[in-house]
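Comments concern the structure below.
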Amino acid sequence: MLDAVDAALMRALQGDGRATFQALADGVGLSRTAVRARVRQLVQSGAIRIVGVLHAGVVGMEVLGHVSFRVNGPVGPLLEALGEREAVTFAAQSAGRFPAVAQVRVADDGALTKELTDLRSLPGVEGAEVFRANAVFKDAHSSVRELRDIELDALDWRLVRQLLKDGRASYADLARQVGLSQAAARSRVVRLLNSGVVHVTALVEPSAVGANEQLGFGLRCRGDAEALGSALANMPRVSFMASGFGRYDIIGTLTAPDRCQLVEALESVRSAPGVGYVETWDHLSVRKERRGGERPVEWFPG
């Protein structure tokens with residue numbers, strides 16, 4: 001059973017997966033040795049994975065769309081088809097007005113238009129309504145940091161590949177893997193992190209923290225949608241938050257251990273200043289969930 005210290009370490013590692021054990025120890029008031037042991041246990045138990053998350057823009061996936069499907073007949077064939085599509089990063093059967101929802105990430109609005117044309121022709125689809133994200137404030141599966149202009153060479157890509165597999169790999173190990181000196185590997189990794197190309201974070205296994213309930217919501221607001229989205233993203237239980245245009249002004253996802261806490265989180269969203277109409281959909285079964293910049297190892301240059 002995870003205690004308050006483990007939870008604090010998880011939050012710290014989500015913010016900076018390469019934080020030193022001393023920095024983590026200072027944050028929770030334990031010794032460096034005790035913190036090292038706790039982090040090792042969290043990883044070995046499968047409660048967390050500390051990995052690099054590539055910025056979606058680096059792989060040409062800067063545009064995010066949320067699609068709500070009207071379906072005639074069984075939803076299973078549609079979810080199967082969605083799971084096979086490269087642009088689809090999330091797909092779920094849902095309860096509410098729409099029996100299936102999905103998120104797609106593509107290069108630009110032209111690619112989004114083409115993808116939506118293909119999605120509308122999938123099995124059982126009678127129609128699809130789209131939300132096009134303009135600003136993503138929080139995403140447990142993709143970096144939302146600013147991406148600075150940077151030129152990547154083959155050695156950079158080799159380091160990226162290693163960080164995607166093991167976000168806490170030592171500079172000595174990284175140097176050995178790519179054939180650099182430790183100082184050169186460190187310099188390149190710091191550059192990759194500071195530019196926003198890759199963000200090292202702890203991906204938390206939902207069952208390890210009792211996150212058994214997941215609810216999606218879309219809302220229309222009064223006033224500044226980006227200011228509201230930024231504020232809502234800081235609320236407990238929010239795992240995804242974006243503002244944009246289309247069916248809603250803002251979409252988000254809430255995750256909680258049980259229905260009671262899920263309802264409490266939803267009530268907090270509803271009562272936030274500036275929130276108008278709210279529509280919800282229950283994620284009954286998640287068919288696909290992929291990190292925003294995730295690609296097969298073979299995709300990366302170098």
Side-chain angles (χ1 to χ4, degrees), residues 4 7-8 10-16 53 56 62-69 89-92 94-105 129-146 199 201-204 206 209-284 286 289 291-292:
M10 284 182 174
R11 288 192 297 271
L13 289 167
Q14 284 177 310
D16 181 6
V53 177
E62 294 186 271
V63 171
L64 183 148
H66 180 277
V67 188
S68 304
F69 293 96
T89 58
F90 176 86
S94 54
R97 290 202 303 126
F98 300 97
V101 295
Q103 284 187 10
V104 298
R105 282 189 178 269
E129 298 192 17
V130 185
F131 166 91
R132 198 281 200 192
N134 180 55
V136 179
F137 304 103
K138 190 171 187 179
D139 187 349
H141 293 276
S142 181
S143 173
V144 296
R145 286 161 170 73
E146 178 186 358
H199 169 55
T201 185
L203 297 181
V204 178
V209 292
N212 302 314
E213 300 287 347
Q214 195 176 75
L215 184 77
F217 65 89
L219 61 86
R220 291 195 284 272
C221 67
R222 298 181 293 273
D224 189 338
E226 291 203 8
L228 177 58
S230 179
L232 292 175
N234 293 320
M235 285 187 170
R237 308 298 181 194
V238 172
S239 56
F240 176 84
M241 181 67 59
S243 67
F245 49 89
R247 178 169 184 78
Y248 311 106
D249 298 319
I250 291 173
I251 62 169
T253 304
L254 297 172
T255 306
D258 53 50
R259 284 281 166 171
C260 181
Q261 294 186 57
L262 194 66
V263 170
E264 289 177 0
L266 180 59
E267 286 295 277
S268 296
V269 170
R270 290 183 185 277
S271 61
V275 172
Y277 170 79
V278 179
E279 182 173 349
T280 62
W281 50 90
D282 199 351
H283 293 158
L284 299 175
V286 175
E289 192 163 26
R291 297 197 301 272

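Treat the numbers as computed from the prediction; the structure is a model and nothing was measured.
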Query raised in the report: Any idea which heavy atoms bring Val53 and Thr201 closest together, and the distance?
Result: CG2-CG2, 3.6 Å
Report task. Could you tell me the separation between the CZ atom of Arg259 and the CG atom of Asp282, rounded to the nearest 0.5 Å? Result -> 4.0 Å
Report summary line: Taken to the nearest 0.5 Å, the spacing of Phe217 CZ from Arg270 CZ works out to 10.0 Å
Query raised in the report: Roughly how far, to the nearest 0.5 Å, is OG1 of Thr253 from CZ of Phe90?
Result: 6.5 Å
Report task. Would you name the heavy atoms of Val286 and Ala92 that are closest together and state the gap between them? Result -> CA-CB, 4.0 Å
Query raised in the report: Between Asp224 and Glu226, is there a donor-acceptor pair closer than 3.5 Å when you use the side chain of the first and the backbone of the second?
Result: yes
Requested in this report: Of all the heavy-atom pairs spanning Ser243 and Ala225, show the shortest one and how long it is.
Outcome: CB-O, 4.0 Å
Report summary line: Of all heavy-atom pairs linking Phe240 and Val136, the shortest is CE1-CG1, 4.1 Å
Requested in this report: Provide the closest heavy-atom pair for Met235 versus Ala272 in the form atom of the first, atom of the second, distance.
Outcome: CE-CB, 4.0 Å
Query raised in the report: Under 3.5 Å, is there a donor-acceptor pair between the side chain of Arg220 and the main chain of Val278?
Result: no
Query raised in the report: With no hydrogens and no angle check, is any side-chain donor or acceptor of Asp249 less than 3.5 Å from a backbone partner on Cys221?
Result: yes
Report summary line: Between the CG atom in Leu232 and the CE atom in Met241, the distance rounded to the nearest 0.5 Å is 4.5 Å
**Report entry** Inter-residue atom distance Gln14.CD - His199.NE2, 0.5 Å rounding
**Finding:** 8.5 Å
Query raised in the report: Are the side chains of Val101 and His66 in touch, meaning some heavy atoms are under 4.5 Å apart?
Result: yes
Query raised in the report: If we only count heavy atoms from C-beta on, is the Leu219 to Leu228 side-chain gap below 4.5 Å?
Result: yes
Report task. Can you spot which of Glu213, Gln214, Glu289 makes a side chain to side chain donor-acceptor pair (under 3.5 Å) with His283? Result -> Gln214
Query raised in the report: So Val104 and Thr89, side-chain contact (heavy atoms from CB on, under 4.5 Å) or not? Walk me through it.
Result: CA-CA 6 Å; Val104 298; Thr89 58; over 6 Å; no
**Report entry** Shortest non-hydrogen contact between Arg222 and Gly276, atoms and distance
**Finding:** NH1-CA, 3.5 Å
Query raised in the report: Looking at CH2 of Trp281 and CD1 of Ile251, how far apart are the two atoms once the value is rounded to the nearest 0.5 Å?
Result: 6.0 Å
